[in-house]
Amino acid sequence: MQQPARTTMDKDMPDAELARRIAGGDQQAFEILMRRYNRVLYRTARSVLKDDAEAEDVLQDAYLLAYRRIEQFRGDARLSTWLTRIVVNEAIARSRKRSRRAQIISLDGDIEWDSEAAEASMSESTPEQPERAALRGEARRLLEKKIDELPDAFRTVFMLRALEELSVEETASCLGIPEATVRTRFFRARGLLRESLSREIDFAFEEAFSFDGARCDRIVNGVLARLGDAPRDDA
C-alpha cells in the first residue's frame, strides 16, 4: 500500500499528540517518537541483556509491539513509562529464551544478594593503562564493564536512575517495583561501582553506553522497514 506524502512535523510535539497520530497510522509521528526515546529505551534493554546487538533487536520488537498497541495507551502514566515497560518485558522474555541456566532474571521480586561474591567480581584487577591521554576512553569502557557485572536487578535500576536520571517514582513505575526497592538497589549498585571505579566514574558517565547517530538510524530504519510486513492490531 502506498504511503501518504510526508509533511513537516513539529519534533517538539507533545507525547499525547504523537500517540494520537500514531494510532491513526502516522509513521512520521512514530519516527519522531522513536528518535525521542531511543537512547533511554536502548539503555534499558541493554541493562537486561548486556549485549548491544540483542538490545537493538529487542528494541525493534518492542517498538513494533508498541505501534500495534498504541491505542491501548490511555495516558494514565507517561508515554515514556509505558514504552519502558514494554521494552523491559520484551528484554526479559528474550533473556529467558536464550538462557540455559536455572536462574532467570527478575526485576520485580526479591533477590538473594551475595555481597562478598559481588564485591569480589567487581574488584577484579584491570590492566594498567599505558597512556593517561587515553584514560577517558578506557574509563568509559571500564564503567560499562563494571555496570554489566552488577546483579541483574541492580543494573537496570542503576541505568534508569543514574544514566537516564529518572526519579525514584518514575523508575518504580517503569519496573513495577516499590519505591523502597528502587532506593535500596540503587544504593547498593552505586556502592559497588564506587568501590570498583573510584575517581574514574565521575568523568566517565557522559560517555557510558554511547548512543551514536548510526545506531539511532539503524533502529528507526529497521522498524520502519518491518512495519510494511507487520499487520496492525486493531483489536
Side-chain angles (χ1 to χ4, degrees), residues 34 37-70 72-73 77-115 117-118 120-122 144-164 166 170-182 184-186 188-189 192-193 208-209 211 215 218-220 222-223 225-227 229-231 233 235:
M34 287 190 288
Y37 292 114
N38 253 343
R39 189 182 70 172
V40 61
L41 297 178
Y42 165 77
R43 284 176 164 178
T44 300
R46 196 193 180 287
S47 73
V48 175
L49 296 164
K50 298 194 293 185
D51 182 276
D52 292 351
E54 289 264 14
E56 288 191 29
D57 287 346
V58 160
L59 186 51
Q60 290 191 36
D61 290 343
Y63 274 137
L64 290 171
L65 187 59
Y67 183 79
R68 300 188 191 107
R69 295 180 177 178
I70 194 67
Q72 298 178 16
F73 176 68
R78 295 173 58 183
L79 185 57
S80 59
T81 300
W82 185 76
L83 292 169
T84 301
R85 287 172 178 167
I86 294 176
V87 170
V88 167
N89 289 337
E90 289 296 299
I92 291 176
R94 174 71 65 94
S95 180
R96 284 172 172 165
K97 287 179 181 178
R98 76 179 186 181
S99 178
R100 295 181 179 179
R101 299 172 301 176
Q103 183 178 4
I104 295 177
I105 289 177
S106 175
L107 297 180
D108 55 356
D110 293 333
I111 60 174
E112 294 183 3
W113 185 59
D114 186 340
S115 59
S121 174
M122 299 288 291
E144 293 173 348
K145 177 178 180 292
K146 293 304 182 181
I147 291 176
D148 279 347
E149 292 172 357
L150 286 170
D152 296 325
F154 294 177
R155 187 172 57 251
T156 300
V157 168
F158 182 83
M159 293 284 279
L160 293 177
R161 289 282 290 118
L163 275 74
E164 293 304 325
L166 269 63
E170 289 169 333
T171 303
S173 181
C174 286
L175 301 181
I177 58 178
E179 293 181 18
T181 302
V182 170
T184 298
R185 293 181 183 179
F186 180 58
R188 290 178 175 174
L192 287 174
L193 287 171
F209 299 108
F211 192 91
R215 172 171 281 139
R218 184 165 59 248
I219 291 174
V220 170
V223 173
R226 291 169 62 184
L227 277 178
D229 301 326
D233 184 2

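We number each residue from 1, following the sequence as shown.
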With a 4.5 Å cut-off on side-chain heavy atoms, are [Y] and [X] touching?
X    : Y    : value
L59  : Y37  : no
R69  : I86  : no
L64  : V223 : yes
V182 : L175 : no
T84  : E170 : no

Counting only N and O atoms by type, is there a donor-acceptor contact under 3.5 Å from the side chain of [X] to the main-chain atoms of [Y]?
X    : Y    : answer
Y63  : M34  : yes
R85  : S173 : yes
R161 : L166 : yes
T44  : V40  : yes

In Å and rounded to the nearest 0.5 Å, what is the [atom1] to [atom2] distance from [X] to [Y]?
X    : Y    : atom1 : atom2 : answer
I92  : T156 : CD1   : OG1   : 7.5 Å
L150 : M159 : CG    : CE    : 10.0 Å
Y42  : S47  : OH    : OG    : 10.5 Å
D51  : D148 : CG    : CG    : 9.5 Å
D152 : L49  : CG    : CG    : 10.0 Å
K50  : I147 : NZ    : CD1   : 12.0 Å

What closest approach, in Å, do [X] and [Y] show between heavy atoms, and which atom pair accounts for it?
X    : Y    : answer
V87  : A45  : CG1-CB, 3.8 Å
A66  : W82  : O-CH2, 3.7 Å
L193 : K146 : CD2-CB, 3.8 Å

>> I'd like to know whether E90 forms a salt bridge (Lys or Arg N to Asp or Glu O under 4.0 Å) with R94, so could you lay out the CA-CA distance, the side-chain angles of the two residues, the decisive distance to 0.1 Å, and finally the verdict.
In response: CA-CA 6 Å; E90 289 296 299; R94 174 71 65 94; over 6 Å; no
>> Quick one, V157 with I177, criterion side chain to side chain contact (heavy atoms under 4.5 Å, CB included). Give me CA distance, side-chain angles, the key distance, then yes/no.
In response: CA-CA 10 Å; V157 168; I177 58 178; 4.2 Å; yes
